[in-house]
2 protein chains.
Amino acid sequence: MNQSSEQIKSEIVEGLSNIGQFWGFPRGMGASFAVLYLSPGPLSLDELVARTNLTKGAVSTNVRSLARLGLVHGVSRLGDRKDYYQAETDFYKAIRSILKERKNHEFDHAVSSVTQALSKLEADGRPADPEQAFLVERLRALQSFFDALDSLTAAVTRLESLGLNTVQSVLKILK
Amino acid sequence: MNQSSEQIKSEIVEGLSNIGQFWGFPRGMGASFAVLYLSPGPLSLDELVARTNLTKGAVSTNVRSLARLGLVHGVSRLGDRKDYYQAETDFYKAIRSILKERKNHEFDHAVSSVTQALSKLEADGRPADPEQAFLVERLRALQSFFDALDSLTAAVTRLESLGLNTVQSVLKILK
DNA sequence: ATGTATGTATAGTATGTACTAAACGAATTA
DNA sequence: TAATTCGTTTAGTACATACTATACATACAT
C-alpha cells in the first residue's frame, strides 16, 4: 500500500471522526469505525489500537459502543482468542439501528411528560383560564409534532430494506 | 396562572432542554426556546433571564443562536428600546432551517475530501494494486451515501411547505 | 453632559466527558 | 502453578464548553 493511499485513508478517518463528533459521538468512535470501514478484512483490537493511536481501553469501549449501535460486528475466528471486528457497510441499516437505539432516551421521556401534562390539564373539563387554554393548545401542537417524529422513526426502523429505491421514491415526493 | 400550570411548564422546559442537549445544543438554549414557546406573547431579554434563571449574557448568546437557527424571531415594539423574542411555532419550518444551517460544516468538508481522494486515486487509470481497488470501492459507496443524504436534505430545505400532508405521504411509502 | 437602560463582549470558573495509564480478570499455554 | 495473552475496568487527567460575573458600548433621557 503506497504512501498516498495511507494519506487518503487518514484524511477519511479524520473526516468521519469529525462528522461523528458533530452528531454527538466521541471522536475515537468515529475513527475506529472509519478504520474498520476502510479495512478489507476484520481487525483485532490491537490492530485498531495501532491504526487509531488510541489506547486499548479507549478502543475497547468505543468498539463496544459501535457494536451496540450496530455499526460494527464482532467476528470470532476458531482457534484464535482475539476478537475481530468489521464495519457494517450498509449505511441505511446502520442509520436504522442508530435511530432505534437513540429513540428510547430523553425523547420518550419528554413525550410522556407532555402527554401527562395534557391529561392533567384536561382533567378538569374546559379551562376557564385563557392562559391555561393557551398552554393546552401549545402542548397539543408539541404532542402532534412528537407523534409525527415518532411514527416516522418507527416506520424507518420497521423497514427491513431501506435501499436506494425507497430513498429515491421519498425524494420524488419531496419534489 | 395557578401553581400546577407553573409546575407543568417547568417540566416541559426541562424536557425540551434535555432533548436539545441530546442533539448537541446547550441546555440554556433549549430552556430559552421552551420558555418562549410556552409564552403567549413575546418576551424581553430580562423576562427570559427571570424565567430561565440564567444570566443576561448567557440568555443573550443563546437567544441569538436560536435566532440564527430560525427557531426564534426578534420583534421590536415602537417606542420601546427592548428587544422582544418569540418562538417559531412551525416545527417543520424550524427543522428545515436547522438542516440548512448545519449542513455546511463538517459534512461538506468530508464530502469534498472523499471526492478529492477518489479523483486522485482514479487519476492513474486502473489500479493494479488490489487493496487500492478495494479502497476505491469503499470510497465510492461512501460518496453515493453522502450524495443521497445531500439530495435528501436539499429536497427538504427546498420545500416551502413541509406540513402534515407531506409527512404523511412519506409515511405511506415507508409502509 | 450626565445618568440610565439595554444588549454585547470578555475573563474566569465549573462541569461533563473522552481519553491515558495502569491494575485487574479470565482464559490459554508451559 | 506460573507465565502469557487478551479484553475490561477504574482512577486520574486533559480538554472542551457553557455558564457566571463583570466590564464595556450604545442609545435614549433628563
OG of Ser76(B) to CG of Asp80(B), rounded to nearest 0.5 Å, is 9.5 Å
Review point. Which part of the nucleic acid, if any, lies within contact of Asn53(A), taking any heavy atom under 4.0 Å across all strands shown: a base, the sugar-phosphate backbone alone, or nothing?
Key: sugar-phosphate
From CG of Leu45(B) across to P of dA9(C) the rounded distance in Å is 13 Å
Rounded to whole Å, CG of Asp80(B) lies from C1' of dA29(D) at a distance of 14 Å
Against the side chain of Asp46(B), the closest entry in dC19(C), dT20(D), dG7(C) is dG7(C)
dist Leu16(B):CG -> Phe25(B):CZ (nearest 0.5 Å) comes out at 12.5 Å
Taken to the nearest whole Å, CG/Asp83(A) to P/dA26(C) is 16 Å
In whole angstroms, the gap separating P of dG7(D) from CG of Leu54(A) amounts to 15 Å
Could you tell me whether Glu122(A) and Arg140(A) make a salt bridge, using a distance below 4.0 angstrom between a side-chain N and a carboxylate O?
-> yes
Among the nucleotides dT9(D), dT20(C), dC6(D), whichever has the atom closest to the side chain of Ala58(A) is dT20(C)
note: Arg27(A), atom CZ; dC15(D), atom P; distance rounded to Å ~ 14 Å
Go through the N and O atoms of the side chain of Arg81(A) and the base of dT28(C), and report whether any donor-acceptor pair is under 3.5 Å.
no
Gln21(A) CD to dC19(C) P, in whole Å, measures 9 Å
note: Asn62(B), atom CG; dT20(D), atom C1'; distance rounded to Å ~ 13 Å
Requested in this report: Look at the side-chain N and O atoms of Ser60(B) and state whether any lies under 4.0 Å from the OP1 or OP2 oxygen of dT8(C).
Outcome: yes
Of the candidates dC19(C), dG7(C), dT8(D), the side chain of Arg64(A) sits closest to dT8(D)
query: Within the distance-only criterion (no hydrogens, no angle test), does the side chain of Arg138(B) pair as donor or acceptor with the backbone N or O of Tyr37(A) below 3.5 angstrom?
result: yes
Any chance the side chains of Ser44(A) and Glu47(A) put a donor and an acceptor closer than 3.5 Å? yes
Rounded to whole Å, the NZ-C1' distance (Lys82(A) to dT5(D)) equals 8 Å
